[in-house]
Amino acid sequence: MTGRVIVITSGKGGVGKTTTSANIGTALAKAGYKVVLIDTDLGLRNLDLLLGLENRIVYTIVDVIEERCKLKQALVKDKKNPNLSLLAAAQTRDKTAVNAEQLKSICDTLKEENDFVLVDCPAGIEQGFQNAVAGASEAIVVTTPEMSAIRDADRIIGLLEAKEEITSYKLLLNRVRPSLIKSNEMMSVDDVVEILSCPLVGIIPEDTGIITSTNKGEPIVNDEAALAGKAYRNVAQRILGEEVPFLDLDEPKGFMAKIKNAFAKLKAKV
Amino acid sequence: MEKGFVENGFIIDLSDAKNTTQLVFELSSVMEHPEVKRKNVCLKLGALDLKQSQLLSIKALIESMDANLAFIDTDSEQTEASAVSLGIIVSEISDNLEPSIVCSAAEEVKDEEVVIKTECEVVEEDKTVEVHADLNSNANPIETAEGIEDIYDEQSTQELSEIIPAEHFEANFEALAESEGLIKAEEASKYILLDTGDVLPEGAEENDTNTETLPTLYINQTLRSGQTVSYEGNILIIGDAHPGSEIVAGGDITVWGILGGIAHAGSLGNVTSKVRALKLNAIQLRIAGLYARRNDTLNVPYVQKTNEFTPEEAQIEDGKIVIYKKLRRD
C-alpha cells in the first residue's frame, strides 16, 4: 500500500494549519482510513494539544531521527480512534535538529503502512517549511480572507509550484464570516479564489467552538452539530475524491430569519 | 501590605494605601484569595480620609466577595464619622502581638512544628497579625499567620544555579512528611502508568543510591515551555515549571511551585528518587524506568495557575508510581 502524503501549510502563522491538520486527520480516520499526523513545528508544537495527546508523548520525531527509538514506538495512538496516530515534534529542540532528507525518509516509511500521512507545517518559509514539504506529494494551503494571509499564501503557492514532488495543491479558506462578506467588509470566497487562482478544497466558517475544542483537546469534527466540524468532514470527503457541494453559509438558520429572508426577496421583486 | 488570619476573621492591612484607588486595588487583590470567603473581615485603613459613599462601596465590595465586614480600624476622624453614620463598627487593632497567643498557636498544632516555627518567626518580626478582644467575646487565638511570601524573598537572594549539599533540603522535607502523616492518594485516578515499560537510557542500571548524597542544582526561575533542565544530581526549582518544560534529574526533583511539565527523577536509574511539588500537575511523571501520564480527566492543556497548593510527592512502590498527599491543615 502506498499512502498519500499531504502537507498542510500556509506561510502565515495563526490561520489554522494545526487545527486543519487535526480535524482532517480525525475525519479521515473516522472514515476508516489509517492516518498518521506528523507535527514538524519543532519547539512550538501544538498538534498534540489539539488532539489531547500531550500526556502520552514519550518519544518525538527527533528521537526517531537520532535513533533513540524505533519509528513505531514514537507513534502515539489517538484516544478514540485507533486508525489515527501522531508523530509529535520535540518541544525542547529547534528546527535545525531535523533536515529535509530525514523527514522525507520518515514520510516514505510511514506511507507504506498508512493511507494518509498529514504533515503539519510550521509558519514561515525557512527550514521548517522546507523540511515539512520534502516528503509530500500534495499540499493544502490554508488561508483566511485577509490581505496579509492571502499574500503569504500566494508566496507559498509559488514555492510549492517550484517543487517537482508536489503534484497538486489546493486551497482551504478558513475563518470565513458570511455576515462580514455580506456587508462587504470581508473578501468573498470567489475573490480569494480569483486572487490566488488555485482550486478550492474547503470553506470553513468562523466558529467559536474551535476555541473550546482546542482547549479541551478534542477536534471539532467529533462534534456532529458544529458547522465548522461539518465543513471539515466535507473537506475530508473531497480529499477522498467525492464531490461534495460547499456549505451554503449565507442562509440564515432560524425560522424567523427564514421568513424575514423570504420577505426580503419578495420586496426585492416588487 | 500584611494580612493575617483570626478565628473566622481576616485582618486586611491597607494602612499603606495613599489614595482610594490604591486602597480599592489592594483590597480587591486580597479579596480574590479564596480563604477570605465567608470570613469576618477587619480592615485597617490608616490615616486615609474616606467619605460615606466610598466606605459604602468598600463594604459592598467585601460583601460581593462572599465575606462580611466585621469592623474597621482607622486613624482618620472623617472615616470614623462616615463609619459611625453607616453603622459600621470602628475599633482598634492592637499593634503588638501577644507572646502568649503565639505560644498557644504553636501548642495547638504541635504536629506541624516545622511549619509553625518558621511562620511564628515571621509573625514576631513583622508584628503584622493581631487579635482584638472586642472582635468577638470568645475570640480564639490566631491559627496561622501568612508569612510565606517573606520566606520566598529570603530564599530568592540565593544565587541562581548554586550547587549546595543535599542534606539541607532533604532533612526538612522528611521531617515535614513525617509530622504531617502522609496519606496515599488514589493512584488510579491521577496518573496512569504508560505501557512503555522500563525505558532506561543506554548504559544506565537500576540502583538505589541515597539521593541525599547527591549534589543539588538550585534554580531560581520559572521554567517555560521548551526549556529543559538536566543534572546528574537533585534539582530544586523555586518557581513554576510550565507545561512543555522538562526537568531531568539523576536524583530527586523538588518544585517549589506548580509542576506542569514533564519531570523525570532518577533518570540514570535511581529508583529511590522522588518528585515533589507544591502542586503536582505534571503532564508526565517519570521515575527511573517508569513512565506515567496524567489521567485524561485531568488533562488541562493550558497553563493552570492556582492559589490552592496541595503538596504532593511521587515515588516508586512495588513497581508503580505512587503519589502521597500532604494533609491540608484545615
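Computation of the quantities below employed the complete heavy-atom set of this structure, encompassing side-chain atoms and omitting hydrogens, waters and symmetry-equivalent molecules. Every chain is numbered from 1 and lettered A, B, ... according to where its sequence line falls, protein lines coming before strand lines.
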Heavy atoms of other groups near A:Lys30 NZ, more than 12 under 6.0 Å: yes
From CD (A:Gln91) to CD (B:Gln227), nearest 0.5 Å: 10.5 Å
A:Glu113 CD: over 12 foreign heavy atoms closer than 6.0 Å: no
Heavy atoms of other groups near A:Arg233 CZ, more than 12 under 6.0 Å: yes
Backbone N/O of B:Arg294 and side chain of A:Asn55: donor-acceptor pair under 3.5 Å: yes
CG-CG distance between B:Asp296 and A:Leu53, expressed to the nearest 0.5 angstrom: 8.0 Å
Of B:Val248, B:Thr228, B:Ile262, the residue whose pairing with A:Thr92 passes side chain to side chain contact (heavy atoms under 4.5 Å, CB included): B:Thr228
Residue A:Arg151 excluded, over 12 heavy atoms near CZ under 6.0 Å: no
Sub-4.5 Å side-chain heavy-atom contact between B:Gln284 and A:Val58: yes
